[in-house]
2 protein chains.
Amino acid sequence: MKLTSKGRYAVMALVDLARFDTINPVSLRDISLRQGISLDYLEQIFSKLKKNQIVKSTRGTQGGYILSKKPIEIKLSNILNAVDEKVKTVQCKKESKKGCNGKATKCVTHNLWDELETHINTFFDKKSLQDLLKNNSERVN
Amino acid sequence: MKLTSKGRYAVMALVDLARFDTINPVSLRDISLRQGISLDYLEQIFSKLKKNQIVKSTRGTQGGYILSKKPIEIKLSNILNAVDEKVKTVQCKKESKKGCNGKATKCVTHNLWDELETHINTFFDKKSLQDLLKNNSERVN
DNA sequence: ACATACCTGACTAAAATGGTCAAGTTTAGA
DNA sequence: TCTAAACTTGACCATTTTAGTCAGGTATGT
């Protein structure tokens with residue numbers, strides 16, 4: 001059971017973005033330098049964030065990204081879902097060998113894993129970008 | 001972010017064990033058949049459970065495993081830790097490029113990931129094997 | 001026109017996952 | 001005492017995921 005970097009990078013990048021966008025779009029290059037994340041990797045991540053309407057982009061010189069919504073409206077669950085980092089409970093085998101078949105006799109752990117999933121998602125639904133900004137208010141500009 | 005099968009298997013096997021041990025040790029072969037988990041894989045898992053004093057073993061014919069403690073004393077966190085399925089937050093890079101160095105300027109997500117870890121562990125600390133037995137009381141013997 | 005910055009897709013090395021396989025050792029019971 | 005059941009150990013492996021890199025684009029402000 002592991003929490004991977006992709007989601008963490010996405011969150012870091014968006015916090016960075018939230019602190020610097022206000023008026024002008026922020027280029028990935030800047031975020032890359034400030035956060036120490038590879039530019040190419042950031043592009044992959046922002047492509048997904050854009051598809052999920054979390055950020056908007058402007059092309060060309062002076063282009064970059066801005067948030068689509070206010071930080072308080074962006075929940076961490078939105079971000080993590082966008083980059084495919086949603087919590088995935090291991091699937092019980094479809095062709096029920098012995099245990100879980102989704103029907104009458106669910107395997108013992110079925111409900112447990114569902115509960116955990118809910119538990120974690122609740123956590124991420126409550127936290128917004130805004131919450132993270134508060135903890136990290138050593139602004140640079 | 002994914003929850004893997006190893007932990008799930010461990011929990012399934014122990015619930016099975018809790019239901020059938022009482023007097024005689026239960027063989028992995030039986031568990032394997034009932035739960036549809038490969039015998040060889042179960043051996044790997046039980047080797048770890050034994051090292052962590054969650055089960056005891058008896059060798060030879062009629063041998064098998066029994067729980068070391070009462071189901072209510074065995075928390076899910078114990079089980080998952082034993083099979084190396086503890087929650088692992090992605091490490092922030094040691095050689096702080098820009099972000100987290102553990103010192104003054106922790107990366108923005110540092111606290112967040114710690115919080116989540118606590119959140120999940122709390123969940124597993126509360127649940128015991130006993131709790132799972134209740135939900136699944138269609139005994140066979 | 002040209003540098004900046006977004007955009008897209010293919011590719012890859014390394015690690016984790018979910019096992020299998022082989023070769024034991026121990027012990028109950030015939 | 002022999003043997004089969006059951007635990008024990010460690011090596012091995014195919015597949016998938018992760019965390020990127022690389023190589024090309026396309027759009028646009030100056």
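By convention in this document, chain letters (A, B, ...) are assigned in the order of the sequence lines, proteins followed by strands, and residues within each chain are numbered from 1.
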message: Under 4.0 Å, heavy atoms only, any strand: does F46(A) hit a base, just the sugar-phosphate, or nothing?
response: nothing
- request: Could you check which of dC7(C), dT4(C), dT26(C) has an atom nearest any side-chain atom of R59(B)?
  value: dT26(C)
task: Grab the CZ-C1' distance between R29(B) and dT8(D) for me, whole Å please.
output: 18 Å
field: Distance in angstrom units between L3(B) CG and dT16(D) P, rounded
entry: 20 Å
query: Mapping Q62(B) and G60(A) to their closest nucleotides on DNA chain D, which lands nearer the 5' end?
result: Q62(B)
task: Rounded off to whole Å, could you give me the CG-to-C1' distance for the L42(B) and dA5(D) pair?
output: 16 Å
Atom-to-atom span, OH of Y9(A) to C1' of dT21(D) - whole angstrom: 14 Å
- request: Locate the shortest heavy-atom distance separating L28(B) from L42(B); write the atom from each residue and the value.
  value: O-CD1, 3.7 Å
- request: Ignoring backbone atoms, establish whether T4(B) has a side-chain N or O less than 4.0 Å from OP1 or OP2 of dG18(C).
  value: yes
Short side-chain N/O contact to dG18(C) OP1/OP2 from S38(B), under 4.0 Å: no
task: Check every strand shown and say whether S47(B) touches a base, only sugar-phosphate, or nothing at a heavy-atom separation below 4.0 Å.
output: nothing
- request: May I have the distance from D30(B) (atom CG) to dA5(D) (atom C1'), rounded to whole angstrom?
  value: 11 Å
field: Full working for salt bridge (Lys or Arg N to Asp or Glu O under 4.0 Å) between R8(A) and E85(A)
entry: CA-CA 10 Å; R8(A) 199 169 63 90; E85(A) 284 286 313; over 6 Å; no
- line: Of the listed dC7(C), dT27(C), dA16(C), the closest approach to the K2(A) side chain comes from dA16(C)
query: Is it the case that one hydrophobic cluster holds both L39(B) and L17(B), taking links as side-chain heavy atoms less than 4.5 Å apart, direct or via other members?
result: yes
- prompt: Can you check whether K50(A) has a side-chain N or O nearer than 4.0 Å to OP1 or OP2 of dC7(C)?
  reply: yes
message: I need the CG-P distance between D40(A) and dC11(C), as an integer number of Å.
response: 16 Å
task: Would you tell me if any nitrogen or oxygen in the side chain of S5(B) comes within less than 4.0 Å of OP1 or OP2 on dG18(C)?
output: yes
message: Using heavy-atom distances to pick each residue's nearest nucleotide on DNA chain C, tell me which of L39(B) and Q44(A) is more 5'.
response: Q44(A)
message: Quick check for you: among dG19(C), dC6(C), dA28(C), whose closest atom lies nearest to any side-chain atom of T61(B)?
response: dA28(C)
message: Using a 4.0 Å heavy-atom cut-off, does V26(A) contact any base of the nucleic acid, only the sugar-phosphate backbone, or nothing at all?
response: sugar-phosphate
query: Judged by atom type as modelled, is there a donor-acceptor pair below 3.5 Å linking the side chain of H119(B) to the main-chain atoms of D114(B)?
result: no
field: Among dT8(D), dC7(D), dT20(C), the nucleotide that comes nearest once only the side chain of Y41(B) is considered
entry: dT20(C)
statement: E43(B) CD to dG10(D) P, in whole Å, measures 14 Å
query: So, does E73(B) use its side chain to make a donor-acceptor pair with the main chain of K70(B) at under 3.5 Å?
result: yes
- prompt: For L28(B) and dT26(C), what is the distance between atoms CG and P respectively, to the nearest whole Å?
  reply: 18 Å
